[in-house]
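Note that the structure is predicted; figures quoted are calculated from it, not measured. Residue numbers begin at 1 in each chain, while the letters A, B, ... track the order of the sequences. For the numbers below, each heavy atom of this structure counts, side chains included, while hydrogens, waters and symmetry mates do not.
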There are 2 protein chains.
Amino acid sequence: MEGSITRRRLEPAARREEIIRAATAYFAEVGFGGPTRDLARRAGVTQALLYKYFASKAELREAVFERVYLGRIAPHWLDELRDRTVPIRARLCRFYAQYTRAIFTYEWMRIFMWAGLDGDALNRRYLEHVSALLLAPMREEITAAAEGRWAPGMEDLWNLHGGIVYLGIRRHIYHLPVPEDVTPVIEAAVDRFLGPLS
Amino acid sequence: MEGSITRRRLEPAARREEIIRAATAYFAEVGFGGPTRDLARRAGVTQALLYKYFASKAELREAVFERVYLGRIAPHWLDELRDRTVPIRARLCRFYAQYTRAIFTYEWMRIFMWAGLDGDALNRRYLEHVSALLLAPMREEITAAAEGRWAPGMEDLWNLHGGIVYLGIRRHIYHLPVPEDVTPVIEAAVDRFLGPLS
DNA sequence: ACTCTTGTTGATCGAATGATCACCGAGCCC
DNA sequence: GGGCTCGGTGATCATTCGATCAACAAGAGT
């Protein structure tokens with residue numbers, strides 16, 4: 001009666017990746033305070049095995065962070081934001097369509113929020129990145145497009161950004177119903193933001 | 001050598017209130033997973049005493065929720081939102097000035113977020129309250145003020161709301177620098193939202 | 001088919017956690 | 001000022017936690 005629970009041997013790299021994958025989903029759901037035993041069960045391995053691949057729970061947490069944060073911001077977004085052959089409205093709409101597609105996932109939204117509450121430094125680093133490499137250029141482009149008629153402040157851009165990000169928060173943090181396709185909501189927000197420029 | 005640590009007797013009601021006060025600050029900071037021993041130390045009492053006033057940690061958590069949620073939304077806000085003798089712009093600005101003054105506190109913002117991640121049902125109830133009793137009336141008033149020229153959808157109002165609430169998230173969850181006085185930011189957001197109506 | 005490597009496990013340790021209980025003593029009453 | 005009430009404490013229990021270790025066995029090499 002050897003059950004279907006066969007103990008399979010995986011290559012270290014593959015197993016490590018599998019654990020990180022499971023840990024990402026697990027921590028996203030219950031937070032970093034969740035016990036390693038539950039995590040191990042969901043990963044389909046023993047709790048002891050976790051410590052063959054990660055020296056401590058904190059190290060596993062770091063690995064999850066690395067996996068989640070790395071490459072979340074695509075470099076070409078900035079190039080496209082700065083492409084003045086395209087109308088400013090289209091650039092902003094396109095950017096936020098791509099950006100929300102990248103971050104509006106259960107795992108990213110929740111891990112980012114858990115880490116934020118925990119006071120993790122990576123959060124602030126990420127958001128300073130957003131500010132300097134995305135919002136500030138957007139501000140420049142809008143100012144240029146306005147041709148002297150208007151120059152938004154950084155707080156205005158944070159306001160635009162927050163209004164859109166809040167969609168993901170409602171959806172994945174608060175579990176509230178949110179439109180499946182956020183594109184029209186984003187377009188309306190961009191239109192209101194640009195006003196006469198749109 | 002009787003140290004300054006004098007064991008004072010308090011009336012049950014006062015002690016209970018004191019514990020809830022300390023628990024609110026403590027849970028806001030570290031989340032509901034924080035050990036009761038640390039909480040007791042910060043409350044200036046023994047860990048055992050907590051269980052004289054609350055049968056379990058979950059019950060203490062509920063008491064904190066009740067204290068934090070209760071009376072957070074002032075009924076007269078709705079009346080003021082509906083007072084059509086006042087211009088719509090002034091009504092919205094005034095409301096969000098009051099609303100942010102009420103919820104932009106370290107404790108409210110963080111406990112609300114911890115509870116949201118924990119999937120607490122009170123969060124959704126609160127936000128449905130916001131939707132039905134604040135955003136929906138705002139939508140009606142704006143529609144009336146527009147006199148047929150514009151009728152915003154609920155998602156538009158969530159967008160306005162989220163952009164403003166995100167100020168508090170940046171401040172108290174992510175510990176990012178945010179303007180001390182949020183009034184001008186709110187006014188700018190309301191102006192952009194109302195557009196020509198403003 | 002046999003062996004050897006090493007990915008994987010079950011058992012277990014010490015510390016920390018939520019919760020309990022017998023006992024102490026501050027402060028009011030007479 | 002002696003006694004009584006009950007708010008408060010120290011000690012402790014049963015669990016659960018992160019982490020460790022000797023031992024097992026899957027699977028490649030020969």
Side-chain angles (χ1 to χ4, degrees), chain A residues 1-65 111 114-115 118 120, chain B residues 1-65 111 114-115 118 120:
Chain A
M1 278 290 257
E2 184 80 1
S4 57
I5 313 154
T6 44
R7 184 166 49 173
R8 288 186 319 178
R9 281 168 80 97
L10 255 61
E11 284 201 8
R15 178 65 77 191
R16 184 186 159 90
E17 204 58 30
E18 181 58 28
I19 291 175
I20 295 178
R21 222 177 54 81
T24 304
Y26 178 69
F27 287 146
E29 186 174 331
V30 306
F32 301 105
T36 54
R37 278 168 178 81
D38 290 354
L39 161 58
R41 195 180 314 123
R42 304 222 327 202
V45 297
T46 333
Q47 184 238 7
L49 191 65
L50 301 178
Y51 290 87
K52 297 288 179 183
Y53 291 91
F54 305 94
S56 67
K57 191 183 181 184
E59 197 176 280
L60 172 55
R61 173 190 162 128
E62 286 307 312
V64 167
F65 276 2
I111 284 192
W114 286 116
D118 277 359
D120 198 285
Chain B
M1 282 289 258
E2 183 80 0
S4 59
I5 313 154
T6 44
R7 187 165 49 175
R8 289 185 318 178
R9 282 168 78 100
L10 256 62
E11 286 200 6
R15 178 66 74 189
R16 184 186 161 90
E17 204 58 31
E18 181 58 28
I19 291 175
I20 295 178
R21 221 177 53 83
T24 304
Y26 178 70
F27 287 147
E29 187 175 331
V30 305
F32 300 105
T36 55
R37 279 167 179 80
D38 290 354
L39 162 58
R41 195 181 313 123
R42 304 224 327 204
V45 297
T46 334
Q47 185 238 6
L49 191 65
L50 300 178
Y51 291 88
K52 297 284 180 184
Y53 291 91
F54 305 94
S56 66
K57 192 183 181 183
E59 197 177 280
L60 172 53
R61 173 189 163 128
E62 286 307 312
V64 167
F65 277 2
I111 283 191
W114 286 116
D118 277 359
D120 199 286

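What separates CD of B:E11 from P of C:dA26 is a distance of 19 Å, to the nearest Å. Following rounding to the nearest Å, B:L60 (CG) and C:dT17 (P) show an atom-to-atom distance of 16 Å. Protein atom CZ of B:F27 is 9 Å distant from nucleotide atom P of C:dG18, rounded to whole Å. Atom pair A:I19:CD1 and C:dG7:C1' shows a separation of 11 Å (rounding to whole Å applied). Rounding to whole angstrom units, CZ of residue B:R61 and P of C:dT17 are separated by 18 Å. A:D38 has its CG atom 11 Å from the P atom of D:dT16, to the nearest Å. Look at CZ on A:F32: it is 18 Å from P on D:dC17, rounded to the nearest Å. Straight-line distance from the CZ atom of A:R37 to the C1' atom of D:dC17: 6 Å, rounded to whole Å.
Contact between the side-chain N/O atoms of A:T36 and the OP1/OP2 oxygens of D:dG18 is found at a separation under 4.0 Å. The side chain of A:Y53 places an N or O atom within less than 4.0 Å of a non-bridging phosphate oxygen (OP1 or OP2) of C:dT8. At least one side-chain nitrogen or oxygen of B:Y51 sits closer than 4.0 Å to the OP1 or OP2 atom of C:dA19.
The side chain of B:K57 approaches C:dA19 more closely than any other nucleotide in the set C:dA19, D:dT9, D:dC21. Counting only heavy atoms from C-beta on, B:P12 has its side chain closest to D:dG7 among C:dA11, C:dG18, D:dG7. Of the candidates D:dG7, C:dG18, C:dT8, the closest approach to any side-chain atom of A:R9 belongs to C:dT8.
Here A:G34 lies in heavy-atom contact (under 4.0 Å) with sugar-phosphate atoms only. Note on A:Q47: a base of the nucleic acid sits closer than 4.0 angstrom, heavy atoms only. Nucleic acid contact for B:L10: sugar-phosphate only, since backbone atoms but no base atoms lie under 4.0 Å from a heavy atom of the residue.
Below 30°, between 30° and 60°, or above 60°: for A:F32 and A:F65 the angle between ring planes is above 60°, a perpendicular geometry.
Where B:L49 and A:K52 meet DNA chain D, the nucleotide closest to each residue was compared, and B:L49 sits on the side nearer the 5' end. Summary of the strand contacts: B:R15 and A:P35 both lie near DNA chain D, and taking for each the nucleotide with the nearest heavy atom, the more 5' one is attributed to B:R15.
The pair B:R21-B:E18 meets the salt-bridge criterion, since a charged nitrogen lies less than 4.0 angstrom from a carboxylate oxygen.
Nearest heavy-atom pair across A:L60 and A:A23 is CD1-CB, 4.0 Å. Summarising the geometry of B:L50 relative to B:L39, their closest heavy-atom pair is CD1-CD2, 4.3 Å, with the distance given to 0.1 Å.
The closest donor-acceptor contact from the side chain of A:Y26 to the backbone of A:P35 lies under 3.5 Å.
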